[in-house]
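Comments concern the structure below.
As the structure lists them, so they are numbered: ligands from 1, and atoms in each ligand from 1. Along the sequence shown, the residues carry numbers beginning at 1.
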Amino acid sequence: MKEEMPERCISCGITLTGVGGARFPCPSCGTVIARCNKCKKQSNVYTCKACGFTGP
Ligand SMILES: [Zn+2]
Ligand SMILES: [Zn+2]
């Protein structure tokens with residue numbers, strides 16, 4: 001039994017457990033960013049927590 005940190009969408013803050021979503025590395029610093037399918041579809045703006053990079 002291992003505890004996994006629930007991932008949250010970087011744009012809307014929804015917990016991605018059971019929702020699905022995409023994970024991708026920040027283009028600037030490589031920190032993994034998670035987004036839900038809705039925000040991915042709508043190309044919502046995200047901000048990297050680590051370096052402050054903003055992108056669609
Ligand atoms: Zn979202
Ligand atoms: Zn970054």
Kindly give the heavy-atom pair with the smallest separation between Val32 and Arg23, and that separation in Å.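 Shortest heavy-atom contact: CG1-CB, 3.9 Å.
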Smallest separation among heavy atoms of Ser11 and Val45, with atom names: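 Heavy atoms only, the tightest pair is OG-O, 3.0 Å.
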Atom pair [atom1] ([X]) and [atom2] ([Y]), whose distance is rounded to the nearest 0.5 Å:
{"X": "Lys49", "Y": "Thr31", "atom1": "NZ", "atom2": "OG1", "result": "9.0 Å"}
{"X": "Cys9", "Y": "Lys40", "atom1": "SG", "atom2": "NZ", "result": "12.0 Å"}
{"X": "Cys39", "Y": "Leu16", "atom1": "SG", "atom2": "CG", "result": "9.0 Å"}

Verify side chain to side chain contact (heavy atoms under 4.5 Å, CB included) between Ile33 and Tyr46, making sure each step is shown before the conclusion. CA-CA 9 Å; Ile33 292 169; Tyr46 63 87; 3.8 Å; yes
For the Zn ion (ligand 1), state how many protein N, O or S atoms fall inside a distance shorter than 2.8 Å.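 Those protein atoms number 4 in total.
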Can a donor-acceptor pair be found, under 3.5 Å and without considering hydrogens, that links the side chain of Arg35 to the backbone of Asn44?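 Flag set: sc Arg35 to bb Asn44 pair under 3.5 Å.
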Within-4.5 Å side-chain heavy-atom neighbours: Cys48 and Cys29: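 SC-SC contact between Cys48 and Cys29 confirmed.
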Around the Zn ion (ligand 2), how many protein N, O or S atoms are closer than 2.8 Å?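 Of the protein's nitrogen, oxygen and sulfur atoms, 4 lie under 2.8 Å from the Zn ion (ligand 2).
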Using the rule that Ile, Leu, Val, Met, Phe, Trp and Tyr join whenever any side-chain heavy atoms are under 4.5 Å apart, tell me whether Phe24 and Phe53 fall into a single cluster.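 Yes; Phe53 is reachable from Phe24 via cluster members.
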